[in-house]
Amino acid sequence: MSNALLRRTLTLLALTASLATAATHSAAETTRVSYTTASVQLLPSQSERAVPLDGGASLMAGDEIVSGAGTATIQLNEDVELRLFPRTRLQIIELAPESSPRVRLIEGKVHAHAQSGDWNPLPVFIETATAVALTQHSTFTVQATPEATLVRVTDGMVDFGAPGKAQRIPAGYRARVGTDGHTGVTIRQLPDAPDIATLPEVVSTLPLEVTWHGEDASAYRLDIFETASGEWIGSREVSGNRFDIGLLDNGGYQIQIAALDASGLAGMPATVPMEVRLQAQTATLSYPAPGASANDDMPEFRWQLNGENEVARVEVASDRNFRNVIATSEWAPETQALPSRPLEPGVYYWRVVTEAGGKSVAATAPRALTVDPNRIATPDKSGDVSGQQVTSLPDHDNRG
């Protein structure tokens with residue numbers, strides 16, 4: 001072989017290897033777990049041991065995801081997002097960039113959103129033991145039970161049915177394929193979307209009562225999504241026509257409510273936006289009084305909260321500007337706390353920091369506190385916490 005031919009052959013081999021690596025990298029980069037809640041397990045294709053599945057993890061063909069009591073959202077590729085409900089088991093079948101993504105729903109329920117800027121993108125396949133759902137542009141839910149496979153279409157169209165016998169299901173309808181040997185598709189119209197009572201454009205206090213009117217459904221599905229990221233914040237099955245929404249950080253959200261049918265499949269969803277803007281208020285310090293002395297190395301701090309849906313903690317520093325914080329307490333909706341560590345004798349400054357909505361913070365002005373050595377606290381009406389000399393301190397492990 002000539003040197004020129006040898007160099008050309010080596011160049012082609014290197015290019016082939018580079019393209020293969022790029023294809024593998026591309027598939028891994030675009031197939032990721034966006035986020036999970038509670039305990040979600042991954043059964044890797046190349047291992048028999050389950051491992052915890054966290055947001056940001058990459059997926060490979062053959063991997064199985066078991067949601068357990070949690071939920072998971074997977075970005076299957078740049079066009080397809082899958083949301084796994086609790087008690088769902090899903091296997092990744094095909095992820096190659098040049099072929100259609102394919103997953104197998106072994107049990108449970110998965111919500112799919114397929115949307116692409118390409119007018120003719122590769123379709124996505126979701127298969128079960130007895131049926132297959134195929135679509136290019138659609139929003140739909142597939143549920144696999146021991147009795148049947150069901151699909152619910154809320155946007156676009158989905159080809160659904162037993163392999164080789166699929167029918168086109170439009171938005172506003174659900175379809176069923178039984179597992180008893182009957183392969184025909186049963187199609188029914190979905191329950192109408194409920195009418196949600198008007199919500200304030202800006203929510204400044206939580207919890208917020210949400211009410212709605214709709215068909216005579218035994219239960220409803222309520223989902224909350226973060227507007228900016230699309231993150232699935234939570235999903236609840238609600239009996240009746242009201243629910244109190246709380247424990248949300250500041251930001252924009254979408255509330256979706258849909259009636260559930262007898263099989264537990266949701267109907268057409270009603271969607272309303274909501275903007276949470278909680279404002280932390282400065283707490284009112286109660287005890288110890290300004291300039292007081294403490295005869296305990298674990299003094300108790302007390303305050304009053306003045307805002308809504310707030311958590312607070314005490315901070316203790318060696319300087320008035322709190323550049324050197326030496327002790328804190330846990331964030332909690334409480335009005336009293338002990339420091340996280342014993343305080344050596346000396347002069348300290350303490351304050352209370354309140355937080356609302358995960359982003360709004362307020363802090364009180366600092367108060368001076370002197371910790372005296374080897375003394376136990378005995379508060380009096382003036383706020384002074386001097387006491388009698390003792391030879392030992394109480395067991396702080398049993399306090400608070």
Side-chain angles (χ1 to χ4, degrees), residues 23-24 26-36 40 42 45 53 57-67 71-85 88-144 149-177 185 187 190 223 225 230-232 265-266 269:
T24 303
S26 176
E29 285 296 315
T30 58
T31 308
R32 288 188 174 274
V33 180
S34 300
Y35 38 80
T36 62
V40 179
L42 171 67
S45 59
L53 182 64
S58 297
L59 299 174
M60 299 175 59
D63 289 350
E64 290 187 22
I65 303 166
V66 182
S67 62
T71 62
T73 298
I74 302 168
Q75 196 67 41
L76 199 58
N77 58 30
E78 62 181 8
D79 300 328
V80 182
E81 181 184 73
L82 302 180
R83 295 171 179 157
L84 278 67
F85 284 74
T88 294
R89 186 166 183 168
L90 183 81
Q91 183 180 32
I92 307 296
I93 303 300
E94 178 62 62
L95 289 177
E98 68 278 359
S99 62
S100 297
R102 186 185 298 265
V103 299
R104 178 176 295 123
L105 179 60
I106 300 172
E107 62 179 347
K109 183 163 51 176
V110 61
H111 179 81
H113 178 69
Q115 191 66 46
S116 173
D118 188 350
W119 71 273
N120 189 29
L122 291 171
V124 56
F125 289 81
I126 299 179
E127 61 186 53
T128 68
T130 57
V132 62
L134 165 66
T135 190
Q136 292 175 297
H137 299 279
S138 183
T139 301
F140 63 104
T141 302
V142 180
Q143 181 175 349
T149 298
L150 305 100
V151 68
R152 158 196 180 240
V153 185
T154 56
D155 183 60
M157 297 183 180
V158 175
D159 292 334
F160 172 76
K165 300 182 179 180
Q167 297 186 35
R168 183 149 294 180
I169 313 300
Y173 287 83
R174 52 159 285 186
R176 178 184 187 275
V177 173
V185 179
I187 304 174
L190 289 170
D223 294 298
F225 302 95
E231 180 178 350
W232 192 12
L265 206 62

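Model, not experiment: these values are computed from the prediction. Numbers here simply count residues along the sequence, with the first being 1. The figures here come from the full heavy-atom set of this structure, side chains too, leaving out hydrogens, waters and symmetry mates.
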Side chain to side chain contact (heavy atoms under 4.5 Å, CB included) involving [X] - partner list, sequence neighbours excluded:
| X | result |
| --- | --- |
| S34 | T73, Q75 |
| D159 | L134, A166, R168 |
| Q136 | N120, P121, P123 |
| V132 | F125, E127 |

Using side-chain heavy atoms (C-beta onward) and a distance below 4.5 Å, is [X] in contact with [Y]?
| X | Y | answer |
| --- | --- | --- |
| V110 | T141 | no |
| V40 | I65 | yes |
| V177 | V151 | no |
| T135 | V124 | yes |
| H111 | T139 | yes |
| E64 | I106 | yes |

Where [X] and [Y] come nearest, the two heavy atoms and their spacing:
| X | Y | result |
| --- | --- | --- |
| I92 | M60 | CB-O, 3.7 Å |
| D79 | N77 | N-OD1, 2.8 Å |
| A131 | P163 | CA-CD, 4.3 Å |
| Q167 | I187 | OE1-CD1, 3.8 Å |
| V142 | A133 | CG2-CB, 4.1 Å |

Item to complete: Can you sort out the partners of F85 under ring-ring contact (aromatic ring centres under 6.0 Å, His included), two or more places apart, ordered by chain and number?
Response: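 So F85 forms a ring-ring contact (aromatic ring centres under 6.0 Å, His included) with W232.
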Using the side-chain hydrogen bond (donor to acceptor under 3.5 Å, both in side chains) criterion, which residues pair with [X]? Sequence neighbours excluded.
| X | answer |
| --- | --- |
| T128 | T149 |
| T88 | none |
| E94 | S99 |

Worksheet item: For S138, which of D155, T154, V153 qualifies under side chain to side chain contact (heavy atoms under 4.5 Å, CB included)?
Response: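 So, applying the side chain to side chain contact (heavy atoms under 4.5 Å, CB included) to S138 and each of D155, T154, V153, only V153 qualifies.
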Supply the atom-to-atom distance [X] [atom1] to [Y] [atom2], rounded to the nearest 0.5 angstrom.
| X | Y | atom1 | atom2 | result |
| --- | --- | --- | --- | --- |
| L42 | S58 | CG | OG | 10.5 Å |
| L150 | R174 | CG | CZ | 5.0 Å |
| F140 | M157 | CZ | CE | 14.5 Å |
| H137 | H113 | NE2 | NE2 | 10.5 Å |
| I126 | L76 | CD1 | CG | 8.5 Å |
| L105 | Q143 | CG | CD | 9.0 Å |

Worksheet item: With sequence neighbours left out, which residue pairs that include part of residues 105-115 fulfil the salt bridge (charged side-chain N to carboxylate O under 4.0 Å, His left out) condition?
Response: none
Fill in: Residues forming a salt bridge (Lys or Arg N to Asp or Glu O under 4.0 Å) with D63, sequence neighbours excluded
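D63 satisfies salt bridge (Lys or Arg N to Asp or Glu O under 4.0 Å) with no other residue.
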Worksheet item: Taking only residues two or more places apart in sequence, or in another chain, which ones meet R152 in a salt bridge (Lys or Arg N to Asp or Glu O under 4.0 Å)?
Response: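 For R152 there are no salt bridge (Lys or Arg N to Asp or Glu O under 4.0 Å) partners, ignoring immediate neighbours.
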